[in-house]
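Here is the structure we will look at.
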Amino acid sequence: MPTTLRNEAAIAGIGVTEFSKSSGVSELSLAAQCIKAACDDAGLDPSEVDGLVSYTLDSTDEIEVARAVGTGDLKLFSKINYGGGAAVGTILQAVMAVATGVAKHVVCWRAMNGRSGQRMGQGVSGNIVSSDLIHWSWYLPYGMLTPGSWIAMIANRYMRKYGATAEDLGRVAISQRNYAQTNKRSFFYGKPLTMEEYLASRIIAEPLRLYDFCQETDGGCAILITRRERARDLKQKPAVIRGVVQASTRGQEQMTSFYREELESLPEMELAARLVYEQSGLGPDDIDAACLYDAFTSEILMQLESFGFCGKGEGKDMVRDGALDIHGRLPNNTHGGLLSEGYIHGMNNIAEAARLIRGTSTNQPKSVHHVLVSSGVGVPTGAMVLGQD
Amino acid sequence: MSKPSRIKPALGKDNAWWWEQASQGVLAIQRCSSCKTLRHPPRPMCGACRSLEWDFVTASGKGRICSYTVLHHPQFPGYEYPLIIVLVDLEEGTRFTSQLVGCAPEDVDFDLPVEMVMHEDPDGFKLPVFKLAGAA
């Protein structure tokens, strides 16, 4: 049995549904569709799937999916907490399972009617008092009801301390919007963004504007994980998982880690970076492209620092240098990301990372050996590095 | 029909006492009975020494703005916009998330001194908010 997860597993299939503002179908239907698509992509019959992993926020149970898709016997079923923080965490479950022989073909999915159904940031209510509800009760009575309001508090402090400007956030939004122009799945396909339009967009939660926010989206995305050797038998070029980790640190809250001494960094993401580099035996210099979690533009600047692509406060300098663009140091979210393609809670960023390894992104940089993916920002999170077989 | 009111906190064993103090005009800070570490938001065990015993101190209500945001959209019933939310570094050493009242959005800034005032909604619900120090 392996004592490390390095290079043990691979992404063998990716599947997405259409992304829209109103899917007209149930979330179970979206889940079934994207899982079937991931199996088709890999050339694997769904009856060979024996593990299913999703988010606690996903409304669909594994057994519902199993019946709908016609999977085989399930030997692993698991859901990961903390919203988008679960993205890479689902993959970790799958990798541990296939590396240890617990399961052979595990599909991780997230399917949501994120616009037409339950939208994010609608507050919480109910009669059952949980520690989570008590947590939110420190914020909801004051009117802090949305992810934007929570992230803005950190972004404001960060930007003031390091002199990052609205234009710097705009550069992130525009870079990803540019990528969306070649990706027909993108909500913003055919709708490029200028700095003038960005700056003219309305303020939502200072310092964040409309285009600093991701796209509420209906859609599903699934990722098929199997052992590296098994992936070689399947249809697609394997995207080998060099390292995959979860990370949560002291003073961690869900979106409101306001009580740490320093607010201008992401300690959980720094931990994820340390762990994923350690597991993969790689460092920032080895990473050629990234799919950093981007529910908000400010999160990209901060993560460039967390993952050691620059020093503290230098995220703004990297974006000013065009680092995130196709010919830059670190092409980032080449599908448009959560900001411009759609918000499938980070699962679609994992799919793009696999495309970058396969060489099939609609914005394929020249030479991609390793791609970094991160989970949600401001929550217990995770990170993964994909590499060539 | 009466005006919609703000979302009320869910009350459980770990936080109801704090809101009870607020209803009496007190901004409370939980304190470990064993190692005397102050902590906020309240929780049942001290993360420093693992004691389950605690009491609380009454905050002076004085502090400085550590960070802030001004919320414009979306606008929910029960709140007035633009809505200034502040993180306040209380002089006792803990940090508190609250609202800044009586201040124009363009006048809020980092590090400004603030003072707590106990706000009361028309339905009698009380919660601590802040104003700029010395402001009326």
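Just so we're clear, the structure is a prediction, and the values are computed from it rather than from any experiment. Proteins come first, then strands; the chains are lettered A, B, ... in the order of their sequence lines, and each starts at number 1.
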*Contact listing (chain B partner; residues 155-175 of chain A; heavy atom under 4.5 Å)*: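 Residues in range: A/N156, A/R157, A/R160.
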
*asked:* Sub-4.5 Å heavy-atom contacts with chain B: which residues of residues 260-268 of chain A show up?
replied: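 The stretch touches chain B at A/R260, A/E261, A/L263.
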
Assess whether atom [atom1] of [X] is packed by more than 12 heavy atoms of other residues, nucleotides or ligands within 6.0 Å.
X: A/F19; atom1: CZ; value: yes
X: B/E80; atom1: CD; value: no
X: A/E196; atom1: CD; value: no

With only heavy atoms counted, which part of [X] is less than 4.5 Å from chain A, the side chain, the backbone, both or neither?
X: B/R95; result: both
X: B/P82; result: neither
X: B/T94; result: neither
X: B/P77; result: neither
X: B/H119; result: neither
X: B/D109; result: side chain

Which atom of [X] lies closest to which atom of [Y], heavy atoms considered:
X: B/T69; Y: A/A205; result: OG1-C, 3.6 Å
X: A/I134; Y: B/A10; result: CG1-O, 4.3 Å
X: B/I85; Y: A/M153; result: CG2-CE, 3.4 Å
X: A/P141; Y: B/Y79; result: O-CE2, 3.2 Å

For each of [options], tally heavy-atom pairs with chain A at distances under 4.5 Å, and name the one with the top tally.
options: B/V129, B/T97, B/L71; result: B/T97
options: B/P74, B/P42, B/S5; result: B/P42
options: B/K13, B/H40, B/H72, B/K8; result: B/H72

*Rounded to the nearest 0.5 Å, how far does NE2 of B/H73 lie from OG1 of A/T146?*
12.0 Å

*asked:* Can you tell me how far apart CG (B/D14) and OG (A/S137) are? Round to the nearest 0.5 Å.
replied: 12.0 Å

*Is any side-chain heavy atom of B/S67 closer than 4.5 Å to a side-chain heavy atom of A/F258?*
no

*Could you go step by step and tell me if A/Y142 and B/L83 meet the side chain to side chain contact (heavy atoms under 4.5 Å, CB included) rule?*
CA-CA 9 Å; A/Y142 286 103; B/L83 175 59; over 6 Å; no

*Can you say whether the rings of A/W138 and B/W18 are parallel (under 30°), tilted (30 to 60°) or perpendicular (over 60°)?*
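The rings of A/W138 and B/W18 stand perpendicular, inter-plane angle above 60°.
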
